[in-house]
Amino acid sequence: MKMMKYIGSVVLMGTLAFSATGCSDFLDEHPNGQLTDKEFFTSAEELRAGLNALYSVVATSQNANNNIGTNFLAGDDISTHPASNKQPLREHDQFSVTDNNAWLLSLWEQRYIVIKAANFLINNAGRTPNVSDEELKRVIAQAHYWRAYSYFYLVTTWGKVPIMLQEEINYNAPLASIEDIYNLIISDLKIAEEGCPEKYTEEPYARGGINVAVNKAAVKATLSYVYLCMAGWPLNKGNEYYTLAAQKAEEVIDGADKGTYYYKLYKDFSQIHSVANNWTNKELILGIYYNRDRTPQMCPLTDFLQDMKQGGWGDTNGEIKFWKEFPEGPRKEATYFPKVMLMDGKLHDWWYDTTPASREVVAPVFMKTVEGSVRGNEFSYQDPSTIAGNGEKTIQVIRLSQVYCWYAEAVGRSGKITQKAVDVLNKVRNRADGKESNIYTMSLTPEKLAEAAYNEHGWEMAGYYWGGLACRARDMFRMYRYKDHFEYRKQNPLVEVAPGIQRKEVVTVTGTWDDSKMYAPYPYEEALLNPNLKR
């Protein structure tokens, strides 16, 4: 685990940040401008700087797909390129990840960098003099949240991992059981829930009426989804935990309805990812914020095909079956490019190709992460000059519409159906359809309600894998649906995408399923250091 050695200058919400340089004791150097843990937390200003540093580490850990997103390629909504330099992504898409995958180490170490930064606050912030108990409690609560968030990523990606609660690195640390890791996650989240306020009103935690730090609603929403996951595979805790998930989601929903929280759904789905709402998104319960001048997110080009006029990297694209089954309407129109502009400068349907075939990848293209090259300008798919190579779009960790879906699914999977569950799910679908369709009714069985909510959540989040709490792949993981998708991708049937036109996935999947494919292997470099990291 390449961990942090010093505190340096940053921008995200303050002036200090942790940085990763090499395997070493925490803050073990003392050049000019750097502080040891024993010298830190001597004032309220240093306490705030420590929290700012944690948020900078979080932002760095989530700012590129080589840090956070490659394992999400296991989902049925997203695929990648069959060649080029895309092997690190393609292995996840093919359920054949190797322990020397070029990006696997960064996925692993970035989580532990955040954990170590959180541990630094949790273990040392309490000695800060001349600071109110309330502020101290809030800072430590946020550190517990991000530690839980990181362990949640680890346990859903690798299963058993070492638990680190100190700043020191123990390369003989044993693997904790999946249940013990979840118990730590729940414990941390409960501390965060108790310590975080319902809303912040002052900078740096609030800006322009929006909370940019973790508040109580964000913690409750996270608890809801973690309980959903514990109810499913591999712990399979069932009804009791589905009930807990529903309770926590309902607390967020009720708080929004009563005005305790300011959250509300946008009327139009396209507004969710609009640059105009990037800093003022009231549907966003938790986001990670960036500044194009100092902390570029580097995401807009990754979802572009390489033969598009905009010059994409070709990292990811949509899967065809998922696109085909995605309900028509404003949500679909805002999720995928309506047309793609190829090198000829003309707009085409994504399935356009010559005979014989001339394009390497023929697939739907996601549009959610794109932003304009000029700050504040919206991207136009018809104008290739409007694309930004590096951007500052907020990573949307949790949105209110997701909590609606989690509530409805949890209610259904607990064996019930309620009017509230039906109503909130209709809010999501009505917005997606652009009309008051109200397609969900009390005539649904609990199972059908749960499946409808599961599907709506998938469509809400399709392709948006940049560091969100609950991507499509994570939904499929908890429902043990990787195996079915693996078998489908092996068959790779043609899908009719337009009258008389059929297309299929270009990335092939082979082999025989076994449950080891549910998890990524431990990075080879880490297994050399810790002999317990052996499958």
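Residue indices begin at 1 and follow the sequence shown.
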Would you tell me whether [X] and [Y] have side-chain atoms, one donor and one acceptor, within less than 3.5 Å of each other?
X    : Y    : result
D475 : Y225 : yes
T222 : Y145 : yes
E451 : N455 : no
N430 : E436 : yes
H457 : Q402 : yes
T70  : N65  : no
E456 : Y440 : yes
N66  : S106 : no

Are there more than 12 heavy atoms of other residues, nucleotides or ligands under 6.0 Å from atom [atom1] of [X]?
X    : atom1 : value
K264 : NZ    : no
Q502 : CD    : yes
K504 : NZ    : no
K483 : NZ    : no
K416 : NZ    : no
Y480 : OH    : yes

Could you tell me whether the side chain of [Y] reaches within less than 4.5 Å of the side chain of [X], counting heavy atoms only?
X    : Y    : answer
Y263 : E283 : no
V214 : L286 : yes
P162 : L175 : yes

Q) Given the rule in the ring pair (Phe, Tyr, Trp, His ring centres under 6.0 Å) test, do Y241 and Y182 qualify, once you have shown the distances and angles that lead to the verdict? A) CA-CA 12 Å; Y241 278 73; Y182 269 110; 9.1 Å; no
Q: Using the ring of W406 (Phe, Tyr or Trp, six-membered ring only), decide whether K248 places NZ or CZ under 6.0 Å from its centre and within 45 degrees of its axis.
A: no
Taking only residues two or more places apart in sequence, or in another chain, which ones meet [X] in a salt bridge (charged side-chain N to carboxylate O under 4.0 Å, His left out)?
X    : value
R111 : none
E325 : K321
K435 : none
K368 : none

(Q) If the condition is side chain to side chain donor-acceptor pair (under 3.5 Å), which residues does D268 pass it with, not counting sequence neighbours? (A) none
Q) Partners of R474 by side chain to side chain donor-acceptor pair (under 3.5 Å), sequence neighbours excluded? A) T156
Taking all non-hydrogen atoms of both residues into account, name the closest pair between [X] and [Y] and its distance.
X    : Y    : result
Y454 : R413 : CB-NH2, 3.7 Å
Y407 : A246 : CD1-O, 3.4 Å
A334 : S270 : CB-CA, 4.0 Å
L89  : T80  : CB-OG1, 4.0 Å
R292 : G372 : NH2-O, 3.0 Å
W158 : P521 : NE1-O, 2.7 Å

Q) Taking it one step at a time, do Y404 and K427 satisfy side chain to side chain contact (heavy atoms under 4.5 Å, CB included)? A) CA-CA 8 Å; Y404 284 169; K427 287 182 180 181; 3.9 Å; yes
Residues [X], [Y]: salt bridge by 4.0 Å N-O rule:
X    : Y    : answer
R331 : E460 : yes
R472 : E319 : no
E250 : K220 : no

Just jot down the side chain to side chain contact (heavy atoms under 4.5 Å, CB included) partners of [X], sequence neighbours excluded, or say none.
X    : result
I163 : Y151, L165, A176, I181, L184
S84  : H81, K86, Q306
K490 : F486, E487, V509

Q. Hey, is the main chain of V275 close enough, under 3.5 Å, to the side chain of E378 for a donor-acceptor pair?
A. yes
Q. With sequence neighbours left out, which residue pairs that include part of residues 89-102 fulfil the salt bridge (charged side-chain N to carboxylate O under 4.0 Å, His left out) condition?
A. D93-R489
Q: Indicate the ring-plane relationship of F326 and Y336, choosing parallel, tilted or perpendicular according to the 30° and 60° boundaries.
A: perpendicular
Q. Which class fits the ring pair F337 and F304: parallel under 30°, tilted 30 to 60°, perpendicular over 60°?
A. perpendicular
Q.
I'd like to know whether Y482 forms a side chain to side chain contact (heavy atoms under 4.5 Å, CB included) with K517, so could you lay out the CA-CA distance, the side-chain angles of the two residues, the decisive distance to 0.1 Å, and finally the verdict.
A. CA-CA 8 Å; Y482 280 2; K517 295 181 184 296; over 6 Å; no
Q | Residues forming a ring pair (Phe, Tyr, Trp, His ring centres under 6.0 Å) with H273, sequence neighbours excluded | A | Y464
Q.
Evaluate D433 against R429 for salt bridge (Lys or Arg N to Asp or Glu O under 4.0 Å), listing each step before the verdict.
A. CA-CA 6 Å; D433 291 340; R429 185 54 180 267; 3.0 Å; yes
Q. Can you check side-chain hydrogen bond (donor to acceptor under 3.5 Å, both in side chains) on N183 and E179, steps first, answer last?
A. CA-CA 6 Å; N183 287 341; E179 183 136 21; 4.9 Å; no
Q. Would N530 and Y522 satisfy side chain to side chain contact (heavy atoms under 4.5 Å, CB included), going step by step from the backbone distance to the final call?
A. CA-CA 10 Å; N530 186 343; Y522 300 117; over 6 Å; no
Could you list the donor-acceptor pairs under 3.5 angstrom formed between side-chain atoms of residues 356-364 and any protein atom two or more places apart in sequence or on another chain?
from	atom 1	to	atom 2	distance (Å)
S358	OG	D353	OD1	3.2
S358	OG	T354	OG1	2.7
R359	NE	D307	OD2	2.8
R359	NH1	W350	O	3.0
R359	NH1	Y352	O	2.8

